[in-house]
Student: 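Here you go, one structure.
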Amino acid sequence: MLKLLVMLASIANCAGGVVLIATWATMWQRVPIIVLFIGGSLLIQGAYTILYLRGDLDRWGDLATGALFAGEGLSACVGAGGLIQGIIHNINNADMEMAPVLAGLLMLFQAVLVLLYLSVSGRLRPAVQRRTSAGG
């Protein structure tokens, strides 16, 4: 069930990223370039997680899990910061900007789900190193 929820959150991140990238591409004269970077981040976060969950990165072994863990840890921090900043901006200004709030929420929500999934599934446990006969 948790894996399905992570997959759905990843698809939502990809969709949100594509929308932000398309928004910047169609209105680049009026939309700040940060929208393009946030969209790209959401797209990469979602796509990497989908590839990981499908097993397409299994040949990388623990490196894929480590990269996912590190990326989602950073995404949780950035998403939380964006969410908090967006809420503070909306409280202090008359014009409500919901896109930064939603982008931060998408990023944070997926990151927390993935970190929970990695923890519950036992993928964060260190691999047992095998002793060789020459190693003693």
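Note that the numbering runs from 1 along the sequence shown for the chain.
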Student: Report yes if some heavy atom in the side chain of L5 is under 4.5 Å from a heavy atom in the side chain of Y117; otherwise report no.
Tutor: no

Student: Do the side chains of H89 and P100 get nearer than 4.5 Å, heavy atoms only?
Tutor: no

Student: Please tabulate, for side-chain N and O atoms in residues 70-85, each donor-acceptor pair with protein atoms closer than 3.5 Å (sequence neighbours left out).
Tutor:
| from | atom 1 | to | atom 2 | distance (Å) |
| --- | --- | --- | --- | --- |
| E72 | OE1 | Q45 | NE2 | 2.7 |
| E72 | OE2 | T49 | OG1 | 3.1 |
| S75 | OG | G71 | O | 2.9 |

Student: Identify the two heavy atoms, one from V101 and one from G86, that lie closest to each other, and give their separation to 0.1 Å.
Tutor: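 For V101 and G86, the tightest heavy-atom pair comes out as CG2-C, 3.6 Å.
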
Student: Taking V6's backbone N and O only, do any of them form a donor-acceptor pair with S10's side chain (distance below 3.5 Å, no angle check)?
Tutor: yes

Student: Under a 4.5 Å side-chain heavy-atom rule over Ile, Leu, Val, Met, Phe, Trp and Tyr, are I50 and L53 clustered together?
Tutor: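 Yes: a chain of side-chain contacts under 4.5 Å links I50 to L53.
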
Student: Can you spot which of L106, L113, V114 makes a side chain to side chain contact (heavy atoms under 4.5 Å, CB included) with Q110?
Tutor: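 Answer to the side chain to side chain contact (heavy atoms under 4.5 Å, CB included) test with Q110 among L106, L113, V114: V114.
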
Student: First locate atom CH2 of W24, then atom CD1 of I34, and finally report the distance between them rounded to the nearest 0.5 Å.
Tutor: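 Between W24 CH2 and I34 CD1, I get 12.0 Å after rounding to 0.5 Å.
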
Student: Would you give the length of the straight line joining atom CD1 of I38 to atom CG of L43, rounded to the nearest 0.5 angstrom?
Tutor: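 So the gap between those two atoms works out to 13.5 Å.
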
Student: Can you get from L118 to V112 by hopping between Ile, Leu, Val, Met, Phe, Trp and Tyr side chains that sit under 4.5 Å apart?
Tutor: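 No; tracing contacts between hydrophobic side chains, which count when under 4.5 Å, never links both residues.
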
Student: So do the side chains of N13 and F109 get within less than 4.5 Å of each other, counting heavy atoms only?
Tutor: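 N13 vs F109: side chains apart.
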
Student: Output the distance between atom CD (Q29) and atom OG1 (T26), rounded to the nearest 0.5 Å.
Tutor: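 Spacing of CD (Q29) from OG1 (T26) equals 9.0 Å.
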
Student: With hydrophobic residues grouped by side-chain heavy-atom distances under 4.5 Å, do L108 and L2 end up in a single group?
Tutor: no

Student: Out of curiosity, does L8 fall in the hydrophobic cluster containing L42 (side-chain heavy atoms, cut-off under 4.5 Å, transitive links)?
Tutor: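 No.
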
Student: Look up atom CG in N90 and atom CE in M96, then write down how far apart they are to the nearest 0.5 Å.
Tutor: 4.5 Å

Student: Hydrophobic clustering (ILVMFWY, side-chain heavy atoms < 4.5 Å, transitive) - are V31 and I21 grouped together?
Tutor: yes

Student: Got a second to check how far I87's CD1 is from N92's CG, nearest 0.5 Å?
Tutor: 12.0 Å

Student: To the nearest 0.5 Å, what is the distance between CG (L57) and OG1 (T65)?
Tutor: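 Answer rounded to 0.5 Å: 9.0 Å.
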
Student: Do you know which two heavy atoms are closest between Y48 and A67, and how far apart they sit?
Tutor: OH-CB, 3.5 Å

